[in-house]
Amino acid sequence: MVRAIVGANWGDEGKGKVTDVLAEKSDVVVRFQGGANAGHTIINEYGKFALHLLPSGVFHQNVINVIGPGVALNIEALLKELAGLNERGVPAPQIRISDRCQVMLPWHVDFDKFEEERLGKNSFGSTKSGIAPFYSDKFAKVGIQVCQLYDEGILRERLAIALVKKNCLLEHLYHKPAVDVEALVAYLKELGEKIRPMVCDTTRLLHEADRAGKTILLEGQLGTLRDPDHGIYPYTTSSSPLAGYGCVGAGVPPTSLKDIICVTKAYSSAVGAGPFVCRLTGPEGDELRRRGGDAGEFGATTGRARDVGWFDAVATRYGVMVQGATEVVLTNLDVLGYLPEIPVCVAYETAAGERITDFPATPVLMGCKPVYETLPGWLCDIRGTARYEDLPENCRRYVDFVEKACDAPIRMVSIGPKREEILLR
Ligand code: GDP
């Protein structure tokens, strides 16, 4: 049985924590897209971790953690993360890397930086981890698959073909030194050897696990609104964070996907450029940012201050719908305990003065303003509450409101960043 855990919004919804919780009862956890650009925060008995590339099942020794073919594999980053877990006393996890996964090359990271510099004020707020150049090369068919690291002839030939264009851009557009193919071949061969014991045909592994009745979790990175097709293009990422794509990026049959668990926060947060209708500026926003997450709303990868705002029913309903959620997990509910009244965005007003409740495409979205209603707050700290029924009535009403807005059942509510701080409803 395959379950996907994905984000309804702009990312940072708390998927890492939910995956860590659900991984306990799973056999395999798979990353199916994205790369080391996102950060999933996990707090458990080993401490606090920001996982970038490793699947969130790495804290459970019985779980097989798969890096699927859809991932942008930065080998150095992966090895560094693994070493980091080891240094902090986490027993060695089981990792399998798809032989079809493509490898992040040094020029991808460089091009990402140079391009954001060139764009200046029009930049996309990239984390500069090479993601956009990586996926561009993959679809232009000049990428390098993991399996190609083990055939020097193929590797040298493919790099040489790609480098003709890359070096032209490096020298003449960005005015940077050209890349030497021999040094690159040597570097990549060495990285290939370091991961060799983890490399296998993960598609076969997953199909066999599924047939054997194992539970497989597909772990999405970012959220619906960063999807290149369905999100706020061009302020999106370069691979699809949708559960539907999970089947492709992981390598499981679409018919095996039974649960789509869509994570959303009790308020909004987004990092990077692009329209964010509910953005709160001034002291109200500063306070929500300071109180949000486990230590304020700051990016787990970049440390950048995230934009924050009230819950956005328009964006979240759309995000949940596009994911095809079978259930919603509401996180960070504890954060709102300081507010006597909680504004929620129930509609947008477009630049033309029209009130809309369907999430629009980017040009209209850019001119939208939020239409708020307020719900009563509960004015107490709900962390430590043992049962859902024990939450204050106004807090449960807030959950009812979000559930109605999402049009999907909320079965789990997270009331703190730690593993055990989750209530079943
Ligand atoms: P992900 O990328 O979706 O895994 O999300 P991030 O880890 O980037 O961001 C989620 C933030 O919320 C992190 O700081 C988590 O530790 C924190 N978090 C998750 N669930 C809760 C919760 O229920 N309450 C609080 N206060 N923090 C939470």
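In each ligand, atom 1 is the first atom listed, and ligand 1 is the first ligand listed. Numbers for residues simply follow the sequence, beginning at 1.
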Taking only heavy atoms of [X] into account, list the atoms of ligand 1 that are under 4.0 Å away from them.
{"X": "Ser414", "result": "20 (N), 21 (C), 22 (C), 23 (O)"}
{"X": "Lys15", "result": "1 (P), 2 (O), 3 (O), 4 (O)"}
{"X": "Val335", "result": "26 (N)"}
{"X": "Arg306", "result": "8 (O), 9 (O)"}
{"X": "Glu13", "result": "3 (O), 5 (O)"}

message: Heavy-atom pairs closer than 4.0 Å: do any link ligand 1 to the side chain of Ile415, the backbone, both, or neither?
response: backbone

Location of contacts on Thr41 toward ligand 1, heavy atoms closer than 4.0 Å: both

Heavy-atom side-chain contact between [X] and [Y] under 4.5 Å:
{"X": "Leu336", "Y": "Leu288", "value": "yes"}
{"X": "Leu79", "Y": "Lys194", "value": "yes"}
{"X": "Asp227", "Y": "Thr236", "value": "no"}
{"X": "Pro241", "Y": "Gln33", "value": "yes"}

query: Take atom NZ in Lys214; do more than 12 heavy atoms of anything else shown fall under 6.0 Å from it?
result: no

[X]-ligand 1 polar pair, N/O distance under 3.5 Å:
{"X": "Lys17", "answer": "no"}
{"X": "Ala295", "answer": "no"}
{"X": "Gly39", "answer": "yes"}
{"X": "Gly14", "answer": "yes"}
{"X": "Gly416", "answer": "yes"}
{"X": "Lys265", "answer": "no"}

field: Pair Glu13 + Lys15: basic N to acidic O under 4.0 Å
entry: yes

task: Using a strict 4.0 Å threshold on nitrogen-to-oxygen distance, state whether Asp12 and Arg306 make a salt bridge.
output: yes

Winner among Leu336, Asp294, Val413 once heavy atoms are compared against atom 14 (O) of ligand 1: Asp294

Gap between atom OH of Tyr150 and atom CG of Leu155 - 0.5 Å precision: 11.0 Å

Reference residue Asn9; test side chain to side chain donor-acceptor pair (under 3.5 Å); the match among Thr224, Thr264, Asp312: Thr264

